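On a predicted model such as this, the values are computed, not experimentally measured, just so you know. Both ligands and their constituent atoms are indexed starting at 1 by order of listing.
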Amino acid sequence: MTTELEQQLSTLQQQATDAIAATDTLDALDQLRVSYLGKKGQVSKILGGMGKLSPEERPRIGALANQVKTAVQAQLEQRKADLQAAQIEAQLKAETLDVTMPGVYLPQGRVHPINSIIDQISDIFVGLGYTVAEGPEIETDYYNFEALNFLPDHPARDMQDTLYLPNGQLMRTHTSNTQIRYMENHEPPLRVLATGRCYRRDTVDATHAAVFHQIEFFAVDKGITFTDLRGTIQLFLEALFGEIEVRLRPSYFPFTEPSAEVDVKWQGKWLEVLGCGMIDPNVMKAVGYDPDVYTGFAAGLGVERLAMVQHQIDDIRRLYASDLRFLRQF
Ligand code: DAH
């Protein structure tokens with residue numbers, strides 16, 4: 001004969017089975033465990049009624065209660081394992097890296113050949129102990145010409161067709177203005193390098209641009225001679241190009257005496273790349289140096305021309321055309 005307790009136990013087991021199957025979080029599952037198997041849980045409650053049973057019934061019901069308990073426990077554990085496995089699987093799925101996804105395209109930048117050669121030349125001179133200085137691109141007649149010993153109305157001013165501003169200032173025609181500005185504020189001995197843009201009313205062709213770059217270098221000390229200048233130029237050009245044919249030609253600049261121009265062999269022809277000379281005593285006087293005590297040399301390089309020699313570029317205009325097919329080669 002089935003007792004009421006037996007009935008309750010089997011109903012309980014059925015309910016537990018359904019509830020466990022319907023539970024989909026570990027927390028809810030733990031609450032179920034407490035409510036069925038805990039000290040004050042439903043199985044304990046039913047067992048509490050065993051005192052009223054007859055001695056013959058007791059072992060039978062007791063065994064059944066244990067069976068239910070064990071079964072519910074096993075179901076709880078199985079469900080727990082399943083939920084944990086599902087949780088790990090979901091986490092793995094969420095954290096999966098799809099290595100077949102296309103990457104983010106970052107176009108690679110390049111250093112423009114002009115900036116690149118300026119960096120290289122600066123490194124060479126800094127290695128020789130030179131200081132890097134700067135001067136303004138908008139300049140007065142005094143710093144661009146007068147202090148550099150260009151007399152007013154001197155024909156040498158025609159050497160450099162100048163762009164004048166409405167206020168009487170001008171766009172500097174060369175970086176030699178930095179010589180005056182630097183020397184005015186510093187005492188010898190000094191070795192200085194200055195880079196920058198220059199402007200001229202030049203007709204643009206394969207080797208001339210109206211806006212271009214120069215690098216000026218100069219040194220002032222006691223006992224500096226033309227030999228020091230020659231040696232510096234030779235060392236610098238070899239550091240930049242390796243072996244290259246170089247020649248010095250006597251020339252004229254108002255701010256140097258004697259003066260020379262330096263050519264390098266480029267595509268079978270001589271190409272002028274820099275002007276140089278011993279700083280003229282009048283320039284020394286303009287900045288307050290005593291020309292009987294100090295001597296110095298100075299030089300100005302055409303950056304574009306050196307870049308053309310370095311990369312075998314046939315036309316200066318390519319450096320300013322911003323054609324990516326050209327620029328990507330560097
Ligand atoms: N300033 C000259 C030019 O633009 C270049 C130059 C020649 C610079 C001789 C110098 C120098 O410092 O000594 O053509």
Side-chain angles (χ1 to χ4, degrees), residues 118 121 125 130-137 139 141-150 154-163 170-184 188 190-202 207-221 224-234 236-237 246-264 271-284 286-287 289 291 294-306 316:
I118 288 173
I121 295 171
F125 280 97
Y130 280 65
T131 300
V132 177
E134 253 182 36
E137 290 175 27
E139 193 49 288
D141 181 271
Y142 179 77
Y143 288 104
N144 196 81
F145 290 125
E146 194 182 328
L148 286 160
N149 198 35
F150 288 80
H154 191 286
R157 288 190 188 227
D158 296 341
M159 286 166 66
Q160 305 191 348
D161 277 333
T162 310
L163 289 160
L170 50 84
M171 302 307 293
R172 71 169 169 199
T173 57
H174 51 185
T175 44
S176 301
N177 65 329
T178 54
Q179 287 185 36
I180 306 301
R181 287 187 174 273
Y182 192 91
M183 291 193 288
E184 267 185 350
L190 49 87
R191 278 176 284 187
V192 179
L193 175 82
T195 303
R197 259 186 217 119
C198 305
Y199 302 81
R200 286 192 202 172
R201 285 175 45 148
D202 249 342
T207 50
H208 292 85
V211 182
F212 57 97
H213 295 76
Q214 284 191 343
I215 295 181
E216 192 88 6
F217 67 88
F218 53 97
V220 179
D221 201 348
I224 288 192
T225 67
F226 198 90
T227 312
D228 299 315
L229 172 60
R230 244 209 107 123
T232 304
I233 288 170
Q234 190 78 35
F236 149 67
L237 288 172
V246 178
R247 85 173 175 194
L248 264 75
R249 271 182 296 114
S251 184
Y252 172 78
F253 298 102
F255 36 92
T256 44
E257 181 59 35
S259 306
E261 279 173 316
V262 177
D263 302 333
V264 296
L271 181 72
E272 183 202 327
V273 292
L274 69 89
C276 63
M278 299 305 290
I279 296 175
D280 192 282
N282 286 336
V283 174
M284 295 285 199
V287 298
Y289 293 175
Y294 293 110
T295 52
F297 62 70
L301 330 170
V303 173
E304 282 77 0
R305 296 214 174 160
L306 290 173
I316 196 169

Item to check | From Arg172, Glu272, Arg200 - option closest to atom 3 (C) of ligand 1 by heavy atom | outcome: Arg200
Item to check | Sub-6.0 Å ring centroid separation between Phe297 and Phe226 | outcome: no
Checklist entry - Does ligand 1 have a heavy atom under 4.0 Å from the side chain of Ala298, from its backbone, from both, or from neither? => result both
Checklist outcome for this item: Hits for side-chain hydrogen bond (donor to acceptor under 3.5 Å, both in side chains) against Ser259, two or more places apart or cross-chain, chain-then-number order -> Thr256
Checklist outcome for this item: A student checking ligand 1 against Thr256 at a 4.0 Å heavy-atom cut-off should list atoms 13 (O)
Checklist entry - Going by heavy atoms, is Phe297 under 4.0 Å from ligand 1? => result no
Checklist entry - Under 4.0 Å from ligand 1, counting heavy atoms only, is it the side chain of Ser259, its backbone, both or neither? => result neither
Item to check | Donor on one side chain, acceptor on other, Thr178 and Glu216, under 3.5 Å | outcome: no
Checklist entry - With a 3.5 Å cut-off and no angle check, do the side chains of Glu139 and Asn144 form a donor-acceptor pair? => result no
Next on the checklist: Yes or no: does Glu261 have any heavy atom under 4.0 Å from an atom of ligand 1?
Outcome noted: no
Next on the checklist: If you measure every N or O of His174 against every N or O of ligand 1, does any of those distances drop under 3.5 Å?
Outcome noted: yes
Next on the checklist: Checking the N or O distance criterion of under 3.5 Å, is ligand 1 in contact with Cys276?
Outcome noted: no
Next on the checklist: Please check: side-chain N/O of Arg172 versus main-chain N/O of Asn177, any donor-acceptor pairing under 3.5 Å?
Outcome noted: no
Checklist outcome for this item: Under 4.0 Å from one or more heavy atoms of Gly277, ligand 1 contributes atoms 13 (O)
Checklist entry - Taking atom types as modelled and ignoring hydrogens, do the side chains of Glu184 and Tyr143 form a donor-acceptor contact shorter than 3.5 angstrom? => result yes
Item to check | Centroid-centroid distance, His174 to Phe212, less than 6.0 Å | outcome: no
Item to check | Proximal atoms of ligand 1 relative to Gln179 (non-hydrogen, under 4.0 Å) | outcome: 12 (O)
Checklist entry - Sequence neighbours excluded, which residues qualify as side-chain hydrogen bond (donor to acceptor under 3.5 Å, both in side chains) partners of Asp141? => result Arg157
Next on the checklist: Show me which atoms of ligand 1 lie under 4.0 Å from any heavy atom of Gln214.
Outcome noted: 3 (C), 4 (O)
Item to check | Numbered atoms and elements of ligand 1 in range of Gly300, under 4.0 angstrom, heavy atoms | outcome: 6 (C), 8 (C), 10 (C), 12 (O)
